[in-house]
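Written out below as structure tokens is the structure these notes cover.
All values derive from a computational prediction rather than experimental measurement. Quick note on labels: first sequence line is chain A, next is B, and so on, each numbered from 1.
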Amino acid sequence: MGNKNKSLVVVQLSGGNDYLNTVVPYGDDEYYDFRKTVHIEQNKVLPIDKVYGFSPHLAPIKRLYDQGKVAVINGIGYDNPNRSHFRSMDIWHTAQPDEIGTEGWLGRVIRDLDPTAENVLTGVNFGRGLPRALGVRGVPVASVGNLDTYGLFPDIKDESAKKLALDAFAHMYGGVQGKDPVLNFLGQTGMDALKGADILRTAPQKYSSAIEYAANPIAQGMKSIAQVLLADFGTRVFYTQHGSFDTHSGEILTHAKLWDEVSGAVGDFYDDMQEHGREDEVVVMIFSEFGRRIKDNGSGTDHGSGGVAFIIGGEIKGGMYGQYPSIKEADHLEGDLHFNNDFRSTYSTVVEKWFGLDPVPIVNGHFEQFDFVNA
Amino acid sequence: MVITNTTSIKYLKTIGIVNNGFNGRGFANPYDVAIGPGDNIFVLNRCDPARRNAIRVGVCNLDEEYLYEFGYGFGDGDGQMMLPVAMAFDAEGRLLITDEHTNRITIYSDEGEVLGKWGQKGESEGEFNGPAGIATDSSGTVYICDQRNHRVQKYTADGMFLTQWGSQGTGPGEFNLPWGLGLDAEDNVYVADWRNDRVQKFDSNGHHLKTIGDSGVKQEQLIRPSAVSIDQSGNVYVADWGNERLQVFNSEGKVIASLRGEATLSDWAKDFFESNPDEMETREISDLNPDVPDHLNDPYHISSQTEPFFWGPVSVRIDDNNRLYVVESNRHRIQIYEIE
Amino acid sequence: MSQDVSLMAHLMRRAGFGATRNELDEYLSDGYEATVDKLLDPGESDHMPDDLIRRYHVDQSELRQLDGAGAYWLYRMLTTSNPLEEKLALFWHGLFATGYAKLNQARALLNQIDMFRKYGFGSFRDLLVELSRDPAMILWLDNNENHKEAINENYGRELLELFSMGIGNYSEDDIKECAKAFTGWTLKNAEYMSVRASKDSIWPYGRIAWHYEYRADDHDSGEKKFLGEVGNFNGEDIVDIIVTQKPTARFLSTRLFQYFASDEVDDDGVQVIKAMMDSYFESGFKVSAVLRTLFNSDYFKSEKCRYSRVKGPVESVVGTARLAGSYQEPTLDVHSLWAQTMFMGQGLLAPPTVEGWHEGVEWIDSGSLVERINFAAKELSDPAKEGVQDIIRRVTAGYIDLIHAENLVDSCLDFMGPIQVGADTREGLIEFAESQGKLHLKNGKTDEDGSAQVARLIGMIASTREYQLA
């Protein structure tokens with residue numbers, strides 16, 4: 001279902017990324033008035049135009065931007081912004097700002113891409129536990145902590161001992177079942193898990209690339225995504241996260257390090273796709289649950305609203321989208337940037353223009369779409 | 001504030017703010033304080049599991065300038081720590097830090113350079129099982145509470161074992177999981193005998209001299225004391241951890257002051273509210289010193305609901321200027337008092 | 001194995017987190033009904049002392065965050081001498097599901113759990129009144145926004161729908177009147193605390209814990225009509241009316257039945273639920289009376305009831321760790337235990353919505369099953385764990401120099417539960433035991449390699465389908 005051979009990689013920046021120090025309004029003096037301590041110096045900014053520019057720690061993303069491959073979604077958010085990590089992340093995950101949602105938007109995407117759940121690997125999360133964005137009852141999603149040891153008995157290091165354990169497991173779970181539906185269900189689920197792991201674990205062996213990803217977790221996560229994507233298991237939705245972007249203190253150092261890692265990983269991933277001629281088949285979406293306060297607190301910045309998202313891919317029409325919110329005091333929303341486009345507009349665009357699916361039931365309503373995907 | 005004939009203890013200020021990141025100003029479950037060169041305030045951040053890679057010493061001054069910090073991450077490699085408990089400068093200005101998990105004492109320069117280390121797990125001389133409180137005397141001799149071995153050990157400045165005393169028990173000279181340790185001007189050793197709810201005083205060779213406090217909530221009583229310090233007049237300041245208060249005993253063992261804490265906003269806290277006026281608005285109409293219902297009416301729960309009160313007082317230290325520092329692990333701050 | 005042992009093991013899987021053979025032997029010396037009585041009237045429990053926890057774990061002293069708070073409760077479950085107290089608190093936690101995500105206040109959640117311990121066995125009336133006064137619940141369901149001049153129905157609605165009577169037994173008007181009766185039931189410094197909660201603010205000095213406050217000037221003291229009765233009802237009066245309703249008795253009894261007896265309610269189950277409802281009214285709404293009727297019923301003791309529930313993730317983690325004898329002292333990485341419950345789909349103190357978790361087979365998907373198996377297999381295949389050593393000692397006792405695979409498997413199954421397994425599982429286990437080579441003993445004991453060999457089999461048993469059932 002949907003456009004075949006097109007996949008989406010979602011990179012979640014957990015903790016609330018500071019928009020103002022990511023895409024910096026360096027040409028606006030008020031930025032330096034509000035950010036007396038926690039700012040990026042004018043001469044270090046990588047300019048987009050005379051007012052806005054990327055933080056120097058987004059250099060690899062700036063390089064792709066200059067190639068026209070990066071859509072910057074400015075001022076993204078939602079009505080009545082919530083400034084609690086959990087709740088705001090929930091809202092982004094369930095596309096339901098007004099009530100507590102139970103289904104993840106990407107889980108719905110996966111369901112519509114693979115309605116009969118034929119492929120247990122249509123959605124793959126890199127990280128332990130399942131992000132709510134991927135959770136929909138009956139939609140299988142693999143959560144991979146470590147691709148090399150993924151699956152059953154990761155603690156058995158010896159390969160032959162592990163094989164004995166897995167053989168016994170297959171015997172115990174795969175045998176002829178009795179009448180008990182619960183035991184049958186457990187048996188089937190166990191065999192599915194065994195099968196999914198067997199397939200996934202072959203990805204690193206099939207992979208070869210000239211790209212050397214860094215050793216940090218997000219770079220390794222993007223490498224795993226590249227491995228699985230290039231192994232062609234039919235995975236369409238990939239998810240991973242990095243953090244913590246919750247920079248209340250010592251922000252300058254922390255934010256720089258985090259973005260060096262994220263932008264390096266995303267840049268390497270794009271190059272990896274390009275090396276394999278696949279850059280037109282994948283889109284990377286980077287988002288965070290909220291932005292941060294306009295005024296710094298002397299060491300960092302506190303929870304705010306109004307943020308930025310990035311959409312990156314060979315088939316993306318690069319440029320600045322949405323409006324960069326005004327930082328004039330009179331335009332503040334409770335001390336924060338005023339969002340001007342609902343995050344579900346971006347979701348809808350990806351769902352419809354990239355995947356060719358109906359976005360309305362996925363994002364819970366009609367939202368104006370952007371034009372950042374090549375027709 | 002409590003005033004006696006000879007001593008008054010006056011609240012001066014609060015330094016600190018919670019730091020939930022990995023660097024920068026603020027404290028992350030601070031466990032001890034030591035006053036170093038230039039009267040700089042060294043704060044040991046024990047950190048919770050989510051932040052343990054940022055276990056570090058942060059350095060600031062009384063004017064609340066955050067100066068620098070050092071740490072080498074979580075682990076048992078050189079300079080690293082896992083569950084740091086306490087620290088002290090020695091006579092040569094080196095900073096000694098105990099770690100109850102790695103069973104090690106690491107020696108740092110005041111700038112964080114690793115100068116040495118000693119200790120390993122065990123029960124023999126020179127070994128530890130959970131080193132906790134530490135203090136040094138003017139000649140550089142080091143005293144350490146060896147928590148799960150229920151003893152005090154005495155070392156030279158470079159970690160040569162000198163002597164030890166104590167074993168598990170409730171009698172004089174016996175201990176149950178001792179924590180903090182302090183010295184007076186005559187190098188007598190005071191031990192916060194944590195699970196025996198008392199402080200014991202010894203001479204520098206471990207002869208038991210007296211016992212201060214017994215188990216309970218009354219004035220002359222203690223619950224799980226965590227730390228002890230002695231001022232120039234011989235008054236004994238005890239962080240009464242289980243009662244969430246600071247008890248001051250005179251040399252006769254009478255309580256001359258009892259402090260519950262009266263924290264105010266640090267400069268860093270004021271900065272926070274300046275950029276978060278929405279929180280200040282509702283804070284101003286709040287009663288941060290509320291009456292609490294019966295079922296939450298023990299010291300721990302009262303402190304959890306009363307922001308100015310001590311909560312988790314894990315260390316008390318007195319500097320050469322007669323300033324008293326109370327470190328609160330659960331509130332990420334240090335309340336500073338002046339002893340007059 | 002004796003019938004008494006398997007029945008007692010069944011009781012302890014349901015009324016607790018399973019039991020080691022040592023514990024079972026003690027319970028058996030008291031007998032079944034006396035054990036039920038003791039479980040239901042536990043008195044003060046023994047458990048890991050707070051002072052030791054707080055000295056060792058700064059996060060569990062401060063309780064600023066979810067993982068530390070979850071680990072703190074897990075310690076209690078792991079070390080308590082009264083397992084039903086915790087199992088029942090976990091039941092209430094699932095039923096009155098209050099979650100961290102909106103509150104950002106772990107201490108308040110743990111205070112709520114304490115309230116469940118204190119009131120959970122007693123009168124359902126008292127429990128519902130305390131629940132309505134619980135500050136975590138008040139903020140969770142917006143009762144701090146329920147004002148005399150402008151009601152917020154959220155708590156009133158869920159009290160009736162999810163916490164007591166169930167949908168279809170009251171009208172929309174009853175909900176409104178119920179909400180009116182709870183106006184003015186709020187928490188101290190509600191305005192500041194709700195701003196902090198909404199921003200997850202820990203500034204400047206960490207969290208400030210909560211307690212209940214009644215604001216008489218914000219309470220609607222006018223006349224209300226609720227479920228056919230009329231009066232100037234306050235919240236307590238509403239609860240008084242709720243608890244006398246038959247649907248309330250049915251709702252509570254059914255939920256207790258599903259949690260303690262069987263995921264599915266069949267015809268025999270309906271009869272047990274009827275008896276539980278009778279006990280509810282006869283005892284003056286006492287939860288312990290309802291549970292006593294259940295545990296002493298023939299249905300509960302029957303073969304049919306055994307292994308008819310899928311273990312929840314928390315049950316699974318705690319049961320496994322108790323069997324292994326882990327975490328009996330403060331342990332460095334205990335916070336990761338909480339993460340395990342999250343990976344398995346039941347983040348303790350963090351239910352996804354007020355409806356709690358979907359239980360039964362819905363606990364199981366391929367991801368959560370792998371997490372369960374990997375956790376249990378790792379815990380129980382470690383021969384250094386005291387609980388594992390105890391199983392090995394019992395398994396080898398009575399043998400002199402050699403144990404055949406079949407006997408080894410049966411004996412391990414016995415001392416790990418007893419656990420009943422199907423033929424495929426048993427064959428798989430025997431095949432696995434044989435693949436590990438012959439188990440030789442010296443003077444009836446295993447050497448180091450032998451212990452590791454038995455431990456591997458124990459870990460494999462923890463990986464079976466049957467181990468997922470209670």
Highest number of heavy-atom pairs under 4.5 Å with chain B among Asp333(C), Leu63(C), Asp67(C) belongs to Asp333(C)
**Q.** Backbone of Asp48(B) reached by a side-chain donor or acceptor of Asp59(C) within 3.5 Å
**A.** no
- Hey, are the side chains of Arg207(C) and Glu307(B) touching, using non-hydrogen atoms and a 4.5 Å cut-off? no
Nearest heavy-atom approach of Ser201(C) to Phe272(B) is OG-CZ, 4.1 Å
Between His211(C) and Asp291(B) (side chain of the first, backbone of the second, donor and acceptor by atom type, cut-off under 3.5 Å), is there such a pair? yes
With chain C, the option among Trp194(B), Trp311(B), Phe273(B) that has the most non-hydrogen atom pairs under 4.5 Å is Trp194(B)
With a 4.5 Å heavy-atom cut-off, do Asp278(B) and Lys199(C) have their side chains touching? yes
Review point. Do Trp203(C) and Ile17(B) have side-chain heavy atoms sitting under 4.5 Å apart?
Key: yes
| Under 3.5 Å, is there a donor-acceptor pair between the side chain of Arg195(B) and the main chain of Leu52(C)? | no
The salt bridge (charged side-chain N to carboxylate O under 4.0 Å, His left out) partners of Lys270(B) (sequence neighbours excluded) come to Asp267(B)
The interface call for Gln65(C) against chain B, heavy-atom contacts under 4.5 Å, is side chain
So, the part of Arg54(C) with a heavy atom under 4.5 Å from chain B: the answer is both
Sequence neighbours excluded, the answer for salt bridge (charged side-chain N to carboxylate O under 4.0 Å, His left out) partners of Glu123(B) is none
When the 4.5 angstrom heavy-atom criterion is applied to Ser226(B) and chain C, the contacting part is neither
Note: vs chain C, highest number of non-hydrogen pairs under 4.5 angstrom among Ser286(B), Cys47(B), Gly26(B) is Ser286(B)
One option among Glu284(B), His101(B), Arg52(B), Gln305(B) has the most heavy-atom pairs under 4.5 Å with chain C, and it is Gln305(B)
Comparing Glu191(C), Arg196(C), Arg55(C), Arg64(C) against chain B, the one with the most heavy-atom pairs below 4.5 Å turns out to be Arg55(C)
Distance-only criterion, 3.5 Å: show the donor-acceptor pairs between side-chain atoms of residues 101-117 of chain C and protein atoms not counting sequence neighbours.
from, atom 1, to, atom 2, distance (Å)
Lys102(C), NZ, Trp140(C), O, 2.9
Lys102(C), NZ, Asp142(C), OD1, 2.8
Asn104(C), ND2, Ser84(A), OG, 3.0
Asn104(C), ND2, Ala197(C), O, 2.9
Gln105(C), OE1, Arg107(C), N, 3.2
Gln105(C), OE1, Ala108(C), N, 3.3
Gln105(C), NE2, Ile208(C), O, 2.7
Arg107(C), NE, Asn111(C), OD1, 3.2
Arg107(C), NH1, Tyr300(B), OH, 3.2
Arg107(C), NH2, Asn111(C), OD1, 3.2
Gln112(C), OE1, Thr98(C), OG1, 3.3
Gln112(C), NE2, Thr98(C), OG1, 3.1
Gln112(C), NE2, Asp134(C), OD2, 3.0
Asp114(C), OD1, Arg117(C), NH1, 2.7
Arg117(C), NE, Glu86(C), OE1, 3.1
Arg117(C), NE, Glu86(C), OE2, 2.9
Arg117(C), NH2, Glu86(C), OE1, 3.0

Turns out that what part of Leu265(B) lies under 4.5 Å from chain C's heavy atoms comes down to both
> salt bridge (charged side-chain N to carboxylate O under 4.0 Å, His left out) between Arg224(B) and Asp50(C): does it pass, once the steps are laid out?
Replying inline: CA-CA 11 Å; Arg224(B) 307 289 187 265; Asp50(C) 266 11; over 6 Å; no
Max heavy-atom pairs within cutoff under 4.5 Å with chain C, candidates Ala269(B), Pro49(B), Pro290(B), Gly16(B), goes to Pro49(B)
Greatest number of non-hydrogen atom pairs under 4.5 angstrom with chain C, of Ser303(B), Pro293(B), Gly312(B), falls to Pro293(B)
Cut-off 4.5 Å, heavy atoms of chain C, and the answer for Trp179(B) is both
* Flag if over 12 foreign heavy atoms under 6.0 Å of NZ, Lys13(B) -> yes
Separation between CG (Asp51(C)) and CD1 (Ile223(B)), nearest 0.5 Å, reads 10.0 Å
The interface call for Val58(C) against chain B, heavy-atom contacts under 4.5 Å, is both
Okay, Phe27(B) and chain C: the region with an atom under 4.5 Å from a heavy atom over there is neither
Applying salt bridge (charged side-chain N to carboxylate O under 4.0 Å, His left out) to Arg46(B) and Glu62(C), what does each step give before you reach the verdict?
CA-CA 13 Å; Arg46(B) 178 157 157 133; Glu62(C) 183 190 1; over 6 Å; no
Listed by number, the residues in residues 71-78 of chain C that come under 4.5 Å of chain B (heavy atom to heavy atom) are none
All heavy atoms of Gly206(C) vs all of Val18(B), minimum pair found to be N-CG1, 4.0 Å
Residue pair Trp210(C) / Ser304(B), side-chain heavy-atom distance below 4.5 Å
no
Okay, Ala28(B) and chain C: the region with an atom under 4.5 Å from a heavy atom over there is neither
Applying a strict 4.5 Å limit to non-hydrogen atoms, the region of Met82(B) in contact with chain C is side chain
Query raised in the report: So, Tyr192(C) and Arg283(B): side-chain donor and acceptor under 3.5 Å apart, yes or no?
Result: yes
- Task: Decide whether a cation-pi geometry holds between Arg331(B) and Tyr205(C); the criteria are a distance under 6.0 Å from NZ or CZ to the six-membered ring centre and an angle within 45° of the ring axis.
- Result: no
The reported gap from CD in Glu130(C) to NE2 in His295(B) (rounded to nearest 0.5 angstrom) is 7.0 Å
- Do Leu332(C) and Leu83(B) come within less than 4.5 Å of each other through their side chains, counting heavy atoms only? yes
